[in-house]
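Read the structure below first, then the notes.
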Amino acid sequence: MSIELDLVPSGLVRAVEELPLVDHHVHGATGRDLSRTAFEELITESDRPVPPWMTQFDSQVGYAILRHCAPVLGLDPHCTPEEYLARRARLGAYEVNRLLLGAGGVAHFLVETGHRGEELLGPSGMAEVSGVPADEVVRLEAVAEQVASAGCEARAFAGRFAEALWERTRTARGLKSIAAYRCGLDFDPSPPTGAEVEEAAGRWLDSGVRRLDDPVLLRHLIWTGIERGLPLQFHAGFGDPDADLRRADPLLLRGLIELAEPSGVPLVLLHCYPYQRQAGFLAHAYPNVYFDVGLGVNFTGARSVALVAESLEVAPFAKVLFSSDAWGPAELHHLGAVLWRRAMVRVLGSFVAEGDWSVEQAVRVASLVGADNARRVYELGPARWGVGTVGAPE
Amino acid sequence: MSIELDLVPSGLVRAVEELPLVDHHVHGATGRDLSRTAFEELITESDRPVPPWMTQFDSQVGYAILRHCAPVLGLDPHCTPEEYLARRARLGAYEVNRLLLGAGGVAHFLVETGHRGEELLGPSGMAEVSGVPADEVVRLEAVAEQVASAGCEARAFAGRFAEALWERTRTARGLKSIAAYRCGLDFDPSPPTGAEVEEAAGRWLDSGVRRLDDPVLLRHLIWTGIERGLPLQFHAGFGDPDADLRRADPLLLRGLIELAEPSGVPLVLLHCYPYQRQAGFLAHAYPNVYFDVGLGVNFTGARSVALVAESLEVAPFAKVLFSSDAWGPAELHHLGAVLWRRAMVRVLGSFVAEGDWSVEQAVRVASLVGADNARRVYELGPARWGVGTVGAPE
Amino acid sequence: MSIELDLVPSGLVRAVEELPLVDHHVHGATGRDLSRTAFEELITESDRPVPPWMTQFDSQVGYAILRHCAPVLGLDPHCTPEEYLARRARLGAYEVNRLLLGAGGVAHFLVETGHRGEELLGPSGMAEVSGVPADEVVRLEAVAEQVASAGCEARAFAGRFAEALWERTRTARGLKSIAAYRCGLDFDPSPPTGAEVEEAAGRWLDSGVRRLDDPVLLRHLIWTGIERGLPLQFHAGFGDPDADLRRADPLLLRGLIELAEPSGVPLVLLHCYPYQRQAGFLAHAYPNVYFDVGLGVNFTGARSVALVAESLEVAPFAKVLFSSDAWGPAELHHLGAVLWRRAMVRVLGSFVAEGDWSVEQAVRVASLVGADNARRVYELGPARWGVGTVGAPE
């Protein structure tokens with residue numbers, strides 16, 4: 001996948017590098033300083049301790065950090081992990097976040113707050129550090145678990161959840177389901193009946209277990225989310241070991257996609273790796289389906305070019321989105337943007353260099369995927385230029 | 001996947017560009033003039049209306065049309081959709097077909113007539129417009145549905161279907177099953193008993209629904225097709241939303257492949273995207289299995305190089321075929337050929353440029369996949385040179 | 001996937017080419033002279049006769065033999081199959097083995113002896129011909145079948161198997177399960193009870209069929225293997241038609257991986273094609289999982305660059321191994337090494353040429369995957385330099 005970069009028109013390179021991105025699925029950066037152990041445990045999707053005979057720096061994402069984040073912190077590319085972490089510690093979390101969140105050229109963050117959000121910067125914190133707008137995406141399961149924690153009877157659950165969801169999403173831009181983690185995507189796609197929901201709620205609330213993994217309730221959350229009417233994101237594909245990757249194949253959502261189609265609610269498939277071609281098929285077949293290859297881009301590093309290329313196959317270009325899915329270290333936020341730009345330059349650049357596409361087509365697709373599609377789907381309006389945004393008008 | 005085209009020996013480029021192709025799975029071109037809406041709805045596998053906020057031209061196949069078909073109609077590459085459609089309308093459907101069907105250098109079409117064939121040119125129409133031979137491939141389900149439409153009792157169904165199939169296929173070169181669309185490929189592979197067929201036929205005929213989706217009857221059609229003895233094509237992988245892509249994985253045909261192996265009937269897996277590597281494995285393992293990556297080549301456009309490359313992995317080269325699976329606009333017929341040639345030059349050219357293959361090996365594989373394998377499998381005899389064939393002897 | 005090889009630093013090329021490999025999963029070379037028919041039947045995973053209308057030389061592995069093995073036997077690259085086989089016959093099997101096993105630069109073989117091992121060189125024969133150490137990997141099913149052949153009552157089976165396993169593995173480096181071939185990887189992952197094992201053993205021993213395909217017993221073998229404590233290899237993905245490729249998806253092992261995690265036993269997923277990205281995910285998520293893309297590398301030939309590239313995505317580099325999975329003709333042993341080196345130079349070289357990785361990082365990853373990871377997992381100690389080892393200190 002090597003291309004002669006000097007064959008890529010400089011206008012295309014500049015347009016992609018200066019594009020003010022919308023990161024439509026991201027989590028907050030951590031405000032804490034991190035030990036080496038903590039840092040290594042945050043640059044993997046594994047939830048296991050790092051074995052003593054290896055380092056997570058020996059990975060695509062590790063090498064990408066040393067290549068692309070080190071210069072942002074004032075170091076040479078390809079420095080050692082020790083040099084990197086020493087500089088990081090010296091600068092402190094606030095300055096690291098400020099530098100890395102600013103350098104990526106993201107013009108708008110949609111921050112999903114449902115996973116250990118209390119440890120991270122929230123939307124307002126992200127906006128403050130980055131200098132650009134940050135809105136919220138609300139995780140359905142987190143709302144349901146809060147309803148349960150607050151105390152609720154089974155027969156009141158459906159009503160209380162609907163109320164809480166409306167309350168929590170007054171200013172939100174989207175919703176998210178992690179059914180892939182909790183029961184797999186091979187669930188019965190139809191909305192459960194009220195009686196089924198009450199019965200399942202009773203079992204769950206009586207169990208004393210806060211984590212919600214009952215398929216009936218997870219379906220109920222999804223259908224309540226569809227009624228809410230905001231774009232609905234689904235975790236699919238790559239993630240932590242909590243998910244069975246076979247049951248996270250986005251094709252399993254076909255039944256739900258067809259049932260939800262009349263609602264007009266956009267369904268946005270997140271990550272998808274290694275099922276990005278399957279996701280592209282769904283985006284091709286169904287008007288209500290969108291997808292991204294976030295998370296996978298970060299964790300495939302130098303190989304993310306191949307992943308981005310595979311995301312530009314059968315899906316219409318109005319249906320593909322950019323995201324980082326960063327969580328925690330701001331390195332992941334920065335890499336999401338920088339690796340995506342790098343991959344787009346290479347992939348689109350090769351189409352142009354080989355005479356298949358015009359420069360204008362390439363710039364158009366970069367703009368659609370990097371920003372315009374998300375602005376349309378989430379109704380964000382045109383870009384507001386903020387501090388630290390790359391490519392802002394002078 | 002960029003290669004220095006000047007590193008590819010010109011002899012290889014010429015051999016691939018002049019190869020008289022056999023398009024072993026194609027549908028007729030449309031003889032109608034097309035509005036923009038109609039055209040956009042025919043350059044996607046989706047059967048949904050195109051949403052107002054997008055155009056199907058913003059896709060790989062759209063950009064490929066503007067790149068590769070525009071010059072055939074006398075326009076510059078990368079013209080606008082408006083320019084393209086205006087020129088197309090001015091020329092009229094007959095001239096568009098004549099130009100585009102002629103320019104691809106296909107020397108023999110095998111035309112599958114079972115999907116809305118009445119709206120399209122049939123084999124004789126395709127032969128007339130293109131100036132090269134066109135034979136028929138008969139869709140099993142279409143024959144069965146005609147038997148039902150003509151009126152038939154359940155106990156007579158098996159006999160009537162067999163008669164009709166022989167009658168309809170007197171000069172046909174092959175058969176096709178669309179079980180992938182009707183029940184998924186995860187059907188019981190064994191031939192149903194006569195009693196099972198009669199019972200299922202009774203249910204179907206009494207239902208008044210013409211569309212045949214009963215798995216017992218679909219299996220019966222397949223086994224009657226195997227008795228007929230012509231090469232039997234199977235839809236697999238990519239297609240319209242009618243199919244559940246998960247249940248169109250060609251690996252699901254393993255049981256049938258093994259049961260059918262003693263018959264010696266070639267089983268030809270069509271399209272296969274994104275399961276082309278799985279199809280390659282089946283063609284590697286079983287002597288009676290062939291496959292192509294048609295349809296996917298058109299819809300991946302500039303990315304079809306990757307798809308063709310993945311089709312040249314574990315399958316012996318005697319088991320891979322070329323097809324366009326074009327249906328409707330003759331742009332799709334042209335692109336099938338031109339994108340395949342372009343991809344083969346790049347893929348085989350990189351093998352040669354890097355010293356892995358000889359030029360002779362590359363030319364041999366292009367010839368096997370592009371024509372010779374299909375001539376052998378469908379018993380077409382050597383190429384007859386017709387009007388409009390690229391590379392005909394002078 | 002073409003790269004300008006002159007852009008790859010010569011230090012990286014040299015380091016990869018001279019790396020003393022550990023082939024952690026290989027079978028013996030055949031000591032017999034081979035007719036053309038016999039040779040062609042050994043350069044495919046298909047167990048069917050080669051059809052008369054094709055030759056297995058028209059395949060990626062066939063062209064790779066003519067490219068990379070011909071020069072080792074003193075012929076020009078890209079010679080004809082006839083020239084190649086004539087030279088091979090003239091040299092004789094012993095000399096062919098000596099040349100091809102020596103030329104690959106493998107410094108240590110781990111030889112799996114359970115598949116028709118009596119027709120092949122064993123570990124000592126491999127060590128003698130190659131001049132480097134060769135240790136054994138023991139196939140669980142072969143030991144169980146030997147226990148059954150020797151005569152055994154059902155209630156004694158578990159004890160006799162455990163004894164035989166310890167006896168057979170006194171000096172072995174690892175174990176292997178071929179449950180993928182015998183029952184698919186979608187088995188119940190939990191250890192069966194003693195009563196279940198006794199009952200299943202009774203059924204099997206009474207059946208008179210030697211081939212063990214009972215899922216209860218196959219699970220019992222695996223759990224006895226885990227108790228034994230040696231690294232445990234699993235066939236996954238690509239192989240002969242005996243396996244249903246869908247049921248060889250390594251993701252199916254998730255349950256077993258989680259149950260086995262506390263034991264600390266390394267689980268090594270072999271081959272994996274076309275599920276190498278799925279295997280990479282498992283190696284990312286679980287500390288006890290490793291994988292390789294052996295076998296697929298040989299059978300994808302010039303395309304193995306893509307396969308190796310896909311193996312270097314989400315898995316930490318400490319979790320990826322090299323193997324050839326060669327069986328029979330020593331061409332397969334040689335190709336395993338030469339194609340892997342060629343692919344690593346191209347893949348890592350493109351990372352370096354594009355500025356993503358440093359040369360030091362590339363050399364480090366080649367060393368981890370090619371040798372160091374296997375030495376750590378199988379406790380082989382540092383390389384002992386033997387006759388014929390490329391890159392030995394002078």
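Naming: A, B, ... by sequence-line order, numbering from 1 per chain. Since we're looking at a predicted model, the values are computed, not measured.
- With sequence neighbours excluded, no residue satisfies side-chain hydrogen bond (donor to acceptor under 3.5 Å, both in side chains) with A:R14.
- Residues A:R376 and B:M54 are not in side-chain contact: their nearest non-hydrogen atoms beyond the backbone lie 4.5 Å or more apart.
- The shortest non-hydrogen separation linking A:F281 to B:D240 is CZ-O, 4.3 Å.
- Contact tally against chain A (heavy-atom pairs below 4.5 Å) for B:H68, B:Q56, B:E310: the top residue is B:E310.
- Across B:P51, B:P49, B:A302, B:G239, the residue that shares the most heavy-atom pairs under 4.5 angstrom with chain A is B:A302.
- Nearest heavy-atom pair across A:H284 and B:S46 is O-CB, 3.3 Å.
- Ranked by heavy-atom pairs shorter than 4.5 Å toward chain A, the options B:P77, B:P274, B:G301 are led by B:P274.
- Using a 4.5 Å cut-off between heavy atoms, B:D76 does not touch chain A at all.
- Listed in order of number, the residues of residues 291-300 of chain B that approach chain A to under 4.5 Å between heavy atoms are B:F299, B:T300.
- You'll find the side chain of A:R277 stays beyond 4.5 Å of the side chain of B:F238, heavy atoms only.
- Against chain B, the residues from residues 311-320 of chain A that qualify, each with a non-hydrogen atom under 4.5 angstrom away, are A:L312, A:E313, A:V314, A:P316, A:F317, A:A318, A:K319 in number order.
- Proximity to chain A (any heavy atom under 4.5 Å) is shown, for B:F57, by neither the backbone nor the side chain.
- Scanning residues 249-262 of chain A against chain B with a 4.5 Å heavy-atom cutoff picks out A:D249, A:L251, A:L252, A:R254, A:E258, A:E261, ordered by number.
- Taken from CG in A:D372 to CH2 in B:W53, the straight-line distance is 13.0 Å, to the nearest 0.5 Å.
- Inter-residue side-chain proximity for A:Q361 and B:D58 is flagged as unmet; no heavy-atom pair is nearer than 4.5 Å.
- Here CZ of B:R67 is found 14.0 Å from CH2 of A:W357. Values are rounded to the nearest 0.5 Å.
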